Amino acid sequence: FRSCWDHVYLESIVRKEEGSPVDIGQWIRVACAGEKEPGSFKAKFTDALTSLLPSTVHLALSRVVFGNHPLGIFNRKMTASDRCDLLLRLLKQLPAFGEIVCRKFAHYWTDGFKFIGEQLRIAVEGLRESESAITIADKIQSRLKGLLYNFFAYVLYQLNVNYNLEILFDSDRRSDSVKDLFLQIFTAMGVPNLHEISVRNDTFDARQPHIRSNQRNAFPFFAVIAQAIERRLDEILVNIHEENLKSEFDSGDTGVDESRKKRDRKS
C-alpha cells in the first residue's frame with residue numbers, strides 16, 4: 001500500500017497557549033539550539049512553575065500519608081479537600097515557600113538544559129516507535145507535571161519529619177524570625193535524586209509514630225540541626241584525639257633522641 005512512500009512526522013512548535021504559564025515551545029527551542037540561554041530564561045522557567053504549583057497540590061497530597069496528631073493543624077484527621085485548602089492558603093500567605101520548591105525543581109531542567117534534551121529525546125523516540133500518539137510538546141508537558149507532582153509530594157514528606165510542617169501552620173509559633181529560619185534551612189537542603197522519585201509509585205508515609213501526643217516543635221528542623229551538630233562535634237573530637245596522639249608521638253621521639261645524645265657524649 002505504501003509502495004515507496006516514506007512516513008514523515010511534522011511537529012508544530014508554537015508559542016504557549018493563551019493564559020498558560022508554561023511555554024513548552026521555548027524549552028524545546030533551547031534544547032535544540034544547544035546554546036547557553038541567558039539567566040532570564042531560568043527566572044521565567046521558575047515563574048512558570050510557581051504559577052503551575054497550586055494545580056499540583058491535590059495530586060501531590062494524595063501521594064503522602066499524614067499522621068493524626070492531637071495538637072496538629074496540618075497533621076490531623078481531615079478530608080483531602082480541607083488539607084488542600086490549608087496548603088493552598090500557605091502557598092498564598094507564604095509565597096517564598098512555593099518559590100523555593102520551584103527553584104529546586106527547576107534545577108533539574110535548567111542545569112545545562114540537559115534534562116530538557118533528554119525529555120525531548122524520549123518524546124521523539126516514543127513517536128517513532130508508535131508508543132505515543134500525542135505531540136512532542138504535550139508529551140514533555142505531561143512529563144513535567146508528573147515529575148512535579150512526585151517532587152512536591154517528596155518535599156512535603158521530607159519537610160514533615162517530626163511534624164516539622166506544623167510550625168508553618170501554627171500562628172502561635174510562626175513568628176517572622178521562625179519563618180525566615182525555616183525557609184533558610186529549606187533553601188540549604190540538598191536536592192533529591194529526581195530519578196529515584198520519578199520511579200516511585202507508592203505513597204510517602206509522613207506519619208510520625210514516635211512523637212508524643214503532647215509534643216510540639218517550636219524550632220524548625222530541630223532534629224536535622226541537632227544531628228548536624230552532633231556529627232560536627234564528633235569530627236572535632238576525632239581531630240583533637242588525633243592531634244593529641246601525634247603530639248605524644250612527637251614528644252616520645254624527642255625523648256629518645258635526647259637519650260641517644262647523652263650516651264654518645266659519655267662514650
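Heads up: numbering here begins at 1 and tracks the sequence. Just so you know, these numbers come straight off a predicted model, no measurement behind them.
Partners of F152 under the ring pair (Phe, Tyr, Trp, His ring centres under 6.0 Å) rule, at least two apart in sequence or in another chain, do not exist in this structure. Residues forming a side-chain hydrogen bond (donor to acceptor under 3.5 Å, both in side chains) with R63 (at least two apart in sequence, or on another chain): N150.
Under a hydrophobic clustering in which Ile, Leu, Val, Met, Phe, Trp and Tyr are joined whenever their side-chain heavy atoms come within less than 4.5 Å, directly or via other members, L165 and L86 fall into the same cluster. In the hydrophobic cluster analysis, where Ile, Leu, Val, Met, Phe, Trp and Tyr join through side-chain heavy atoms closer than 4.5 angstrom, V178 is grouped apart from L94. Note on L90 and F186: same hydrophobic cluster, where clusters join Ile, Leu, Val, Met, Phe, Trp and Tyr whose side-chain heavy atoms are under 4.5 Å apart, directly or indirectly. Both L156 and V191 belong to a common hydrophobic cluster when Ile, Leu, Val, Met, Phe, Trp and Tyr are linked at side-chain heavy-atom distances under 4.5 angstrom. Hydrophobic clustering, with ILVMFWY side chains joined whenever heavy atoms are under 4.5 angstrom apart, keeps V65 apart from L61.
Between the side chains of T79 and S81, no donor-acceptor pair is found at a separation under 3.5 Å.
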Verdict with supporting geometry, N193 and I197, side chain to side chain contact (heavy atoms under 4.5 Å, CB included): CA-CA 7 Å; N193 185 294; I197 296 173; over 6 Å; no
Go through the steps to decide whether T187 and Q184 satisfy the test side chain to side chain contact (heavy atoms under 4.5 Å, CB included), and finish with yes or no. CA-CA 5 Å; T187 301; Q184 288 176 21; 5.7 Å; no
Side chain to side chain contact (heavy atoms under 4.5 Å, CB included) between D180 and S177, worked out: CA-CA 5 Å; D180 291 342; S177 57; 5.6 Å; no
For L71 and D170, run side chain to side chain contact (heavy atoms under 4.5 Å, CB included): C-alpha distance rounded to whole Å, both residues' side-chain angles, the deciding distance at 0.1 Å, then the answer. CA-CA 10 Å; L71 303 177; D170 191 341; over 6 Å; no
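Side-chain contact between F151 and V101 is present, with at least one heavy-atom pair separated by less than 4.5 Å. Residues L181 and F221 have side chains not in contact (no heavy-atom distance under 4.5 Å, counting atoms from C-beta outward). Side-chain contact between T56 and K145: absent, with no pair of heavy atoms (C-beta onward) separated by less than 4.5 Å. For the pair K104 and V155, the minimum side-chain heavy-atom distance is 4.5 Å or more.
In this structure, K139 contributes its side chain and I122 its backbone to no donor-acceptor pair below 3.5 Å. Using modelled atom types, one side-chain atom of S247 and one backbone atom of N244 make a donor-acceptor pair closer than 3.5 Å.
In this structure, D234 CG and R231 CZ are separated by 9.5 Å, a value rounded to the nearest 0.5 Å. Rounding to the nearest 0.5 Å gives a distance of 10.5 Å between CZ of R103 and CG of D47. Atoms CZ and CG, on F204 and N160 in that order, are 13.0 Å from each other to the nearest 0.5 Å. Distance CZ/F97 to CG/L87: 6.5 Å, rounded to 0.5 Å. Between atom CG of residue L88 and atom CG of residue L53 there is a gap of 9.0 Å, rounded to the nearest 0.5 Å. For the atom pair CZ of F74 and CG of D82, the computed distance is 11.5 Å after rounding to the nearest 0.5 Å.
Here the shortest heavy-atom pairing between M189 and L159 reads SD-CD2, 4.0 Å. The nearest pair of heavy atoms linking A153 to A60 is CB-O, 3.4 Å. Nearest approach of A96 to L183, heavy atoms of both residues: CB-CD1, 3.7 Å. Nearest heavy-atom pair, T46 versus A106, reported as atom, atom and distance to 0.1 Å: OG1-CB, 3.8 Å. What you find for A206 and V64 is that their closest heavy atoms are CB-CG1, 3.7 Å. The two atoms that bring L91 and G98 nearest to each other are CD2-CA, 3.9 Å, heavy atoms only.
D176 and K179 are joined by a salt bridge, as a carboxylate oxygen and a charged side-chain nitrogen come within less than 4.0 angstrom of each other. Ion pair E125/R121 flagged as a salt bridge, since at least one NZ, NE, NH1 or NH2 atom sits closer than 4.0 Å to an Asp/Glu carboxylate oxygen. Between E235 and R232, at least one side-chain N (NZ, or NE/NH1/NH2) sits under 4.0 Å from a carboxylate O, which counts as a salt bridge.
Paired with F105 under the rule side chain to side chain contact (heavy atoms under 4.5 Å, CB included), one option of L52, L144, I100 passes, and it is L144. Considering R83, R207, E166 in turn, E166 is the only one that fulfils the side-chain hydrogen bond (donor to acceptor under 3.5 Å, both in side chains) rule with N75.
Y157 and Y154 have tilted rings, their planes meeting at an angle from 30° to 60° on a 0 to 90° scale. Ring pair Y163/H69 is perpendicular by interplanar angle, where above 60° counts as perpendicular and below 30° as parallel.
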